[in-house]
Amino acid sequence: MFNNFLKLLYFLKIPKKFVFYLILITFTGSILEIMGLSSLYAFLNNIQPNQNINNTLMGKIFESFSEQQIMFITTIAFCLLFILKNLIMIFFNFFTYRNLEIVKNKTYQDYFLRILNTNYLEIIREGHVKHGQIFSRYLDHAFNGYLTTYIRMISDIIMAIFIIFFIFYVDFYISLISTIYLTIIASFLIRSQGKKLKANSKEISLSEEKTKQHLFEIIKNFKEIYAYKIQNIVFKQFKFDIKRYLKSEKRYGLTQANLKNYYEMSIIFLIGIIFFYLLSKGMLENSLAILGIIGFSIAKLIPYINGLTTNLNTLKQVSYSVEEIEKFYENSDKKIQRNIDINQNKISPPKLSSLKIQNLNFGYDNSEKIIKNYDEIIKIGTMNCIVGPSGSGKTTLVDLIMGLIKPDEGMVSFLDQKGDEIKGYSNFAYISQTPCIFKGSLASNITFKENLNEIDKNKLLKILRSIGLFNSLTENEIFNKDIILEGQNLSGGQKQKISIARALYNDSGVLFVDEGTSNLDKKSEIDVYELLKENKSNKIILFITHKILDNSYFDKIIDIHNI
């Protein structure tokens, strides 16, 4: 178990000083616990007939004080020490959850960036289910099931050891204190915190659901995100969702963790009042039986013992998550294909003149090659069509051109007007059969800009009118049009038109139309073809389809069977 704990510290990059400070805080709380018990022991011995306190820790300090002074001082010391100890442990809980929130935030962001940078074939092979499990199950269990449990267990062990040593030091016969009134107080505190816990639990559930849904969108729409270089936009939304989720989780954890401390402070406060009351009434000597130090120590020891049992069972239940985390981090470094700077602005590349494909070869997992010794030159200002039946390799060729996958042999080059290669060219637009639609405004979905002042409104309106999207809306209504998650308030045709408008607005050098008109009626499809033909002068347009609408629209038709 300790080995797994060390693995998580390494893979999740948890600072060693964080663990050191937790142990230091726990030792401080344990020392205060023993000092509080010792002050109680000194008090009880002082009021008990025929006893002296010289053999106690606190007794040796107060040898020169009178009996009455010692009783008042030890009573105050008892209350203050235990209240201080519980405040220390409340700080321990806050320190733990606050730092885990920071580490989790960094871990989840690192995980998300690893997905954005992962080899495309690995993304397709593993799918959203696998990544959903890593995010919602393995990482969650690693933090909430293993790390927090291990931290609590270490704290409980230290506290229990200190109390056991104190009991041996006292050398009394073991006795038990009735737990009935403790149970009543605990029930009251749990009930009073119930609504808060329930509300936070609901918030965690909703936030987690939204975060998982956002992650699914990224996996589903990876290609469009890559083509338009909008990693910064999706990452910004992810940071917002994960921050909301982690804050809800922190509130839930703090409320649950502090119940024991609120409960103990209430008891100590009550005992302090009882002490002063009995002392003022001169009845304290007759009350030593119910205030025995051993009973009090055992009552404090039982929760730690129960906690150890529970925590050990929890560690056994979630130990598999550590193995999965280890696999993920060891394998993910091998799958990194690119390092995307999510904060960099989209820079206009040199003007494109042509796309050159030389001796291109590719096959999946050492199987028969789909693309064999393929050579091609495609000029700027042309509409081209890659045609072939489903599964023939059309999309594979597009993925190779975009750089999402690497060829086994050969190369794909983008040349400038001098005929020189443009290194790292990625000025792409992508129209798909199942477009990527984000929650937000219509304008931001097309332009990827949240600020309306940054949008060329005239250009956007002209494009919308030309493709017949929301013609019935006024200009003001268009810019205030909201789209819900995944475009659930849009038809399939409207989603596809948004994808077309997006490509035209961003005016990229290479436009891929992957069955991008399949959801349109015949007239709308012809209108789109005409519109793209009118706008092809400064770009290379590549259609991917299994059935050509009209050969006359294309300057070149590439039959995938001839490759």
Side-chain angles (χ1 to χ4, degrees), residues 117-125 222-224 226-229 334-340 349-432 508-516 536 538-548 551 553-563:
N117 287 288
T118 295
N119 182 291
Y120 179 61
L121 292 180
E122 295 294 339
I123 288 286
I124 298 302
R125 184 179 294 112
F222 188 90
K223 194 180 296 183
E224 286 186 70
Y226 173 77
Y228 288 106
K229 292 180 285 300
K334 303 174 185 177
K335 300 173 184 176
I336 297 298
Q337 177 171 301
R338 63 191 75 84
N339 286 305
I340 298 170
K351 288 186 177 180
L352 183 68
S353 69
S354 62
L355 162 64
K356 186 176 183 180
I357 300 173
Q358 295 174 280
N359 193 34
L360 196 66
N361 288 269
F362 180 80
Y364 289 100
D365 297 327
N366 299 318
S367 61
E368 184 180 352
K369 293 190 183 301
I370 300 173
I371 311 294
K372 297 179 183 178
N373 304 319
Y374 179 50
D375 295 288
E376 191 70 72
I377 295 178
I378 302 174
K379 298 288 187 181
I380 195 80
T382 59
M383 278 179 65
N384 310 271
C385 182
I386 303 172
V387 66
S390 298
S392 57
K394 302 186 301 298
T395 300
T396 299
L397 178 58
V398 170
D399 292 342
L400 287 164
I401 294 172
M402 290 182 73
L404 283 170
I405 56 178
K406 301 298 181 184
D408 298 331
E409 297 177 62
M411 62 185 298
V412 175
S413 305
F414 295 91
L415 307 180
D416 62 19
Q417 293 180 334
K418 295 179 181 180
D420 298 326
E421 182 182 357
I422 304 172
K423 298 292 184 181
Y425 187 88
S426 60
N427 188 23
F428 303 129
Y430 184 79
I431 302 173
S432 72
S508 300
V510 180
L511 169 58
F512 300 94
V513 187
D514 192 352
E515 302 286 1
K536 72 177 184 179
N538 64 339
K539 58 175 61 66
I540 294 172
I541 301 177
L542 286 167
F543 273 76
I544 303 96
T545 183
H546 62 277
K547 187 174 75 172
I548 300 175
N551 289 9
Y553 283 109
F554 299 107
D555 300 285
K556 181 179 290 187
I557 296 175
I558 302 168
D559 190 339
I560 199 72
H561 285 306
N562 297 329
I563 295 178

Minimum heavy-atom separation for His546 to Pro389, with atom names? CB-CA, 4.3 Å
To the nearest 0.5 Å, how far apart are CG in Leu542 and CD1 in Ile431? 11.5 Å
Centroid separation Phe362 to Tyr364 less than 6.0 Å: yes
Can you give me the closest heavy-atom contact between Lys369 and Lys372, atom names plus distance? O-CE, 3.3 Å
Please report the shortest heavy-atom distance between Tyr430 and Ala227, naming the atom on each side. CB-CB, 3.9 Å
Parallel, tilted or perpendicular for Phe428 and Phe414, by the 30°/60° rule? tilted
Taken to the nearest 0.5 Å, the spacing of Asn384 CG from Glu376 CD works out to 8.0 Å
Could you report the tightest heavy-atom contact between Asn427 and Ser508, atom names first, then the distance? O-CB, 3.4 Å
Residues at least two apart in sequence or cross-chain that pass side chain to side chain contact (heavy atoms under 4.5 Å, CB included) with Lys418, listed by chain then number, are Asp416, Asp420
Using a 3.5 Å distance criterion without hydrogens, assess whether the side chain of Lys394 forms a donor-acceptor pair with backbone atoms of Asp514. no
Electrostatic pair Asp555:Lys379 at N-O distance under 4.0 angstrom: no
How many angstroms lie between atom CZ of Phe512 and atom OG1 of Thr395, to the nearest 0.5 angstrom? 11.0 Å
Has Tyr226 got a side-chain atom pairing as donor or acceptor with Met402's backbone, closer than 3.5 angstrom? yes
For the residue pair Gly509 and Leu352, what are the closest heavy atoms and their distance? O-CD2, 4.0 Å
First locate atom CD1 of Ile540, then atom CD1 of Ile401, and finally report the distance between them rounded to the nearest 0.5 Å. 9.0 Å
Rounded to the nearest 0.5 Å, what separates atom CD in Gln417 from atom OG in Ser354? 10.0 Å
Is it true that, when you exclude Lys356 itself, more than 12 heavy atoms of the residues, nucleotides or ligands shown sit nearer than 6.0 Å to its NZ? no
Min side-chain heavy-atom separation Leu360-Met411 under 4.5 Å: no
Out of Ile544, Thr545, Ile541, which one pairs with Val513 under the side chain to side chain contact (heavy atoms under 4.5 Å, CB included) rule? Ile541
Can you name the side-chain hydrogen bond (donor to acceptor under 3.5 Å, both in side chains) partners of Ser432, sequence neighbours left out? Glu224
Asn361 side-chain N/O to Asn359 backbone N/O, donor-acceptor pair under 3.5 Å: yes
With a 4.5 Å heavy-atom cut-off, do Ile558 and Tyr374 have their side chains touching? yes
One should read off an interatomic distance between Cys385 SG and Ile548 CD1, to the nearest 0.5 angstrom, of 4.0 Å
Specify the closest pair of heavy atoms between Leu400 and Val412, including all atoms of both residues, with the distance to one decimal. O-CG2, 4.0 Å
Look at the side chain of Glu409 and the backbone N and O of Asn373, then say whether any donor-acceptor pair between them is shorter than 3.5 Å. no
